[in-house]
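Take a look at the structure set out below.
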Amino acid sequence: MLLAVGAALLLPMSARSSEITVVGSTTVQPLAELLAEAYQAVNPGVIITVSGGGSSVGVTSAGNGLCDVGMASREIKESERQEFPSMAIHVIARDGIAIVTNPGVGVTNLSKSQVRDIFTGDITNWSEVGGPDQDIVVVSREEGSGTRAAFEEMVMEGVFLITGAAVLQPSNGAVVTTVASTPYSIAYISFGYMNESVAAVSVNGIAPTAANASAGRYPIVRPLCMLTPGTPQGDVKAWLDFIMSPDGQAIVSDEGYLPVQ
Amino acid sequence: MSSRSPAGRKLVQAGAFSLLWVSALLSVLVLASVVGYVMIKGIPELNLSFFTTPPRGGLSGEGGISSTIVATLYLVVMTLLVAAPLGIGAGVFLVEYAESMQNRLMKPLIRIARFGVETLAGVPSIIFGLFGYALFVTLMHFGFSLLSASLAGACLILPVVIRTTEEALKAVPQSYREGSLSLGATRWETIRRVVLPSAVPGITTGMILGVGRIISETAVFYVTLGGSYRTPTSILSSGRTMALHVFYLAMETRAFEKAMATGAVLIACIIAVNLAINAVSRRLTAGGGRW
Amino acid sequence: MTGTVSARGRMKRLTDSAMGLVLLGSALVSVTIVLLIGLFTLKEALPAFRDIGLVRLLTGTEWRPGQDLYGLFAMIAGSVLVTLGAIVLGLPLALGCAVFLAEVAPAWVRAVVKPSIELLAGIPSVVFGLFGMVVLVPMVRGIDVPGNAGFGLLSASMVLAVMILPTIASVAEVALRSVPEEYRQGSLALGATRWETLRRVTVPAARSGMLAAVVLGLGRALGETIAMIMVIGNAVMMPEAATSNPLTIFLSRARTLTGNIAVEINYATGLHAAALFATGVVLFVLIMIVNASARALLASGMRRG
Amino acid sequence: MPEPRMRTIDYCLYYGGFRALNSISMDIPPNMITAIIGPSGCGKSTFLRSFNRMNELIPGVRVTGKVLLDGEDIFSLDVVSLRRKVGMVFQRPNPFPKSIFDNVAYGPRIHGLRKGDSLAALVERSLKAAALWDEVKDDLQKSALSLSGGQQQRLCIARALAVEPEVILMDEPASALDPIATLKIEELLQTLKENYTIVIVTHNMQQAARVSDFTAFLLMDESRAGNLVEFGPTKQIFTTPRDSRTEDYISGRFG
């Protein structure tokens, strides 16, 4: 215990200048972790801490200068641009939003309007879209999530509302876990979170792959942004430059996201 | 007088007592199965490297828990550094000074203090999280950090510390104080040399209770600590406590066995906290005067 | 000689009053913090009460921050129902366990069970939530009712029931043990059996303490956050029965007031944030109502005799 | 001397390995007040509690010998029925935290008397017999804990009377009361003995002399076990004790 007291007292009172705090979207978070690890491997003096919170946290934190870098997984709204005029936006990657189901469902293709009707609650049984006669369990993100905002804008056309009966989970990871373990469930997730525990559904016959998305065929794609309170300086600028470099963008595409360079 | 047969009444008693036996057995069974399940699933995952390596791999939930142990320790220490002096000071004041202050300014103040401490003890922890997030994270610009989280945590355990300090002091016999004062000691000397030493075990118990509270609290730190699994490097670093790690592992990854293992470590910590409290209170009953 | 003595005396008096001031200071800071938490939460919630209106906030069933709809009724219903479920499932066991430990258990059983129950009261809620996710949710999913995904009030109530069991049991046990031995002897000497003594004398005499235990458990249930997020599904909807059997309401997904705060606070700005603070105020008031009604119940019980 | 209501024969009581009462044989005459006196720790309360088996509540207690009620071995009786016949009043008044009425009605209710009006009549009769009726008849629903100490003790007596016992055991019933309340209890004892057999433990020798018909004197021997030194009519014990130890005790030479 005494040791711990000593250690705590030794903690510097403020962040070192070579520490970069990154906050925001849980979609960008795992990518940012990897980009941070890769950067620190060659620049051991720099420490980058990445934490979640959600896209809106990313925007407000960066806008208010609470962090060095904010993360957002959607377009920055006009209102937010006006609220934080000096905030700089760096699109580091693009990301598709995949529609996934529990592997037991067996439905492999849905039209965009079917997806919309499922999420509004107008379609409630898988048999209505060619699946088994089972009730659909809709899983969604909570309000404020960038993935949800992007999904609402692109699939729900900004007007249709996601059913209140949806299971809400506070992160992409939690959504994947829930869909994987809940029979007859459906959800939307970032491409970067797709794995074998859930089944991807083609939308309008187009499979959710990076190739289809970068070719412009897959219909649900949104930007992933890094936000800085002002023009980036020093270590922050160096890290952002690394992200946009070929090495950084290679990590982006390795993780299933779409590079922007 | 019409009479119920003693045999019938004995039968009723036997029935009632067997129901009580069953409910107690069932309670123990339910609780044991929860703890047992987590322990049995978790303990096989434990090895030295689990304790010495940090988590990695984001969603796959690989790695150990070293950085979460460090973050938990930092948080416990920082919380106590804030809450202990304030809480003990306030407790000493309320018991040793407030009683004798009967002027118009102090009396309502002391009533408010008592009421506030009582009320706060029943407030759900998420309200401390809400408060901590709004005040420390955003308004004071501390961000998601150990600093914000420990200040919120200090608010959470402050009522516990104040109340246990008060109780410990009230348990010190009045004759000790009278004895010391009659020898010409000042009030502070009496407190420092006579009252506080006898109250140390009780106050320590309060501190340990606070430690247990911080180790097991999740909601407050979910909204103030940020959740980064990097080892914290400054008081403004984000971090992830063990309890928070269990939450993230369970919610975000499918690494349930790692979550169980971390849960098992948490349970072990709580057992250690309980043993510590028992040890302290045994000293309290065995030889309270020797402190 | 006298000079030094009086100098030391003055020094001592100075230290004495200085320490008094220091202690007063820490008491004042503590009080300030306590008040600050209350006032700050109220102040932050004020815009919600002003702009949304108390009635719409409390009775609205729609919570869609994106559409500026802030109705808390679904969450109030979620919190109340989940607590009710936990009490129905957990209270009989908890009180039975308390009575057993205080009055029936052989000494060695008590020596083993009592400390374990106390220990379990300190287990972090996230561990119970984990157990709920991994074991209870799949189990509940096995109930064949349309729309049942396992996540929902039943799973959450079961988790809470387990969590409040040790709290209620250990506090109620203390209440029973503190009933004076003379009461029991008086009753036994009149020819009452141990059970009659327990039911008619000991338990009624411990009533206020046992009620306090229940209130504590209720408070813990209403205030639980993390374990609820993990198993209740967090859906913003009025819980509803899926079939004609009204009990299937417990298979409905829901969201608690606490979960509402935890899931959304990090995203919220402006009126949305104010509405979450208002959620905190409503939660606090709900707990105050529980405390007050317990006190009222107790008072009326006292009058009856 | 008439046929005894209760009697002990070679009665010994042990706490674990320690012998607390040593081979006591004694008769309790019916409709009389028998006082048990002796110095502190001589086992008089333990002895009193033997008559309704209250010592069984203490773990590790073991007895040998016999205790008879109307010629019947009390250990072969059901303990519940025994305690109904042998009531007890404790040193400190111990009314239940219930109303006055419910306190008195407690015994009849558990023993199966439930009809409202006869219960009310029984409560009234018991309170009258305990000389408390006139003081409480208007507030029977008031909490028993609001009564004064002396009233509480008479309530406890009424409570014991309500189950219609044959014998009433009283363990220093007036030691926690002031002199006026004590006097009231003593007067009450005189009226009660017409219908009940009373055994009273007291450390107050004047009280024993004033109220009792028979007196038993208990004393510890060298091994700290309680022995019956002398038993006889109170007048004889206090005027012409046969044993010198009794004389020493009543004349205040020790105790």
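Computed from a prediction, not measured in an experiment: that's the story for all the values here.
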Check your understanding: By ring-ring contact (aromatic ring centres under 6.0 Å, His included), which residues pair with F73(C), not counting sequence neighbours?
Key ->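 If we apply the ring-ring contact (aromatic ring centres under 6.0 Å, His included) test to F73(C), skipping adjacent residues, there are no hits.
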Check your understanding: Which residues satisfy the ring-ring contact (aromatic ring centres under 6.0 Å, His included) test with F119(A), sequence neighbours excluded?
Key ->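 Here the qualifying residues are F151(A), Y188(A).
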Between [X] and [Y], which heavy-atom pair has the shortest distance, and what is it?
X: I229(C); Y: Q169(A); answer: O-OE1, 4.3 Å
X: D135(A); Y: P146(C); answer: OD2-CB, 3.0 Å
X: A235(C); Y: G164(A); answer: CB-O, 3.4 Å
X: P170(A); Y: V263(C); answer: CB-CG1, 4.4 Å
X: P183(A); Y: R141(C); answer: CD-CD, 3.1 Å

Exercise for review: Measure R255(C) against the heavy atoms of chain A and call it side chain, backbone, both or neither at under 4.5 Å.
Suggested key: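 The side chain, not the backbone.
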**Study point:** Contacting moiety of E240(C), where chain A heavy atoms sit under 4.5 Å
**Key:**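 For E240(C), no heavy atom lies under 4.5 Å from chain A.
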Is [X] close to chain C through its backbone or its side chain, or both, or neither, when contacts mean heavy atoms under 4.5 Å?
X: S171(A); value: neither
X: S181(A); value: both
X: T182(A); value: both
X: A165(A); value: both

Review point. In Å, rounded to the nearest 0.5 Å, how long is the span from CD1 of I232(C) to CG of L168(A)?
Key: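 Between atom CD1 of I232(C) and atom CG of L168(A) there are 11.5 Å.
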Review point. Counting only heavy atoms not in R116(A), do more than 12 sit closer than 6.0 Å to its CZ atom?
Key: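 Yes, because the 6.0 Å sphere around CZ of R116(A) holds more than 12 heavy atoms from other groups.
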Check your understanding: Would one find more than 12 heavy atoms of other residues, nucleotides or ligands at under 6.0 Å from atom CD of Q134(A)?
Key ->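 Counting other residues, nucleotides and ligands, CD of Q134(A) exceeds 12 neighbours.
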Check your understanding: Do any N or O atoms from the side chain of R64(C) and from the backbone of I162(A) form a donor-acceptor pair under 3.5 angstrom?
Key ->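 At least one qualifying donor-acceptor pair exists.
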Check your understanding: Would you say V137(A) and F151(C) make side-chain contact, with heavy atoms under 4.5 Å?
Key ->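 No; the side chains remain at least 4.5 Å from each other.
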